Amino acid sequence: MAAAARPILIAPSILSADFARLGEEVRAIDAQGCDWVHVDVMDGHFVPNISIGPAVVAAIRPHTAKVLDVHLMIAPCDAYLEPFAKAGADIITVHAEAGPHLDRSLQLIRALGKKAGVSITPATPEIAIAHVLDRLDLILVMTVNPGFGGQAFIPAMVEKIVALRAMIGDRPIHLEVDGGITVETAATVAKAGADVLVAGSAVFKGKHADYGGNIADIRASATAAV
Ligand code: DX5
Ligand code: ZN
């Protein structure tokens, strides 16, 4: 699909939301223009941080009809695919580095009736997923080392985004970027070929007090660049 025809989608990461009011926060970004809700799952093993599990996904599900985009930073992952599917995830993304059987994990996600995504950390080359493209609905390029919000964007990831956009070709696969996305870097990644932008601190702790203003600024910057 030509760059101009690809709408830019914004997926705020609730890792930067107020966890004490998560339902309210999800309703707020929903009402103020987000396209998807990005949910970061961390196990304290694959990444040096612990966040949330299936029970929290189930708790936020009734607060939005929008896509729950669940990013699993856990290893191993297969045993948790069904619990997250049952909790209400729409997209389940596993890391290519989480274990030796990525092709099997992607098949499991689709067998659960969900959209399948793969994520690669900054050091992992795009070629690592070349042989599972037909199992994918989404590719998530980490533009920071996973584990925390509020980190700086890694510029070396831009050429990886360009390479993946070419690798995807005409396949119906979303190209999502995650980490250090701001109004400034949004233009860079959209121009490189990304169509889904995850943003945590730039939405929940951005320039505007209202989340809608921050979402609109990021979308406008990305859209103007394609
Ligand atoms: C980091 C997570 C990201 C993070 C993004 O491992 O996967 O989704 O929350 O936060 P910002 O946009 O603040 O870099
Ligand atoms: Zn994420």
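From a predicted model like this one, the values you see are computed outputs, not experimental measurements. Every number for a ligand or one of its atoms is a count from 1 in the order of the listing. Basis for what follows: all heavy atoms, side chains included, without hydrogens, waters or symmetry-related copies.
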message: Test your reading of the structure: does Gly200 have an N or O sitting under 3.5 Å from an N or O of ligand 1?
response: yes
- line: Here the N/O/S atom of Asp40 closest to the Zn ion (ligand 2) would be OD1
message: When you compare ligand 1 with Asp40, is there at least one nitrogen or oxygen pair between them that comes in under 3.5 angstrom?
response: yes
task: Determine, step by step, whether Val41 and Tyr80 satisfy the side chain to side chain contact (heavy atoms under 4.5 Å, CB included) criterion, reporting the C-alpha distance in whole Å, the side-chain angles of both residues, the deciding distance to 0.1 Å, and the verdict.
output: CA-CA 11 Å; Val41 176; Tyr80 295 96; over 6 Å; no
message: Does any N or O of ligand 1 fall below 3.5 Å from an N or O anywhere on Val144, backbone included?
response: no
- prompt: Are Glu176 and His174 close enough, and set up right, to give a side-chain hydrogen bond (donor to acceptor under 3.5 Å, both in side chains), and what steps lead you there?
  reply: CA-CA 6 Å; Glu176 184 175 40; His174 284 292; over 6 Å; no
- prompt: What N/O/S atom of His71 gets nearest to the Zn ion (ligand 2)?
  reply: ND1
message: Closer than 4.0 angstrom, basic N to acidic O: yes or no for Arg171 and Asp134?
response: yes
message: Do Ile10 and Cys34 make a side-chain contact, defined as non-hydrogen atoms from C-beta onward lying under 4.5 Å apart?
response: no
- request: Report the name of the N/O/S atom of Asp178 located nearest to the Zn ion (ligand 2).
  value: OD2
- request: Write out the residue and atom name of the closest protein heavy atom to atom 10 (O) of ligand 1, then the distance separating them to 0.1 Å.
  value: Gly149 CA, 3.5 Å
- prompt: To which protein heavy atom is atom 5 (C) of ligand 1 closest, and what is the distance rounded to 0.1 Å?
  reply: Asp178 OD1, 3.6 Å
query: Can you name the N/O/S atom of His38 that is nearest the Zn ion (ligand 2)?
result: NE2
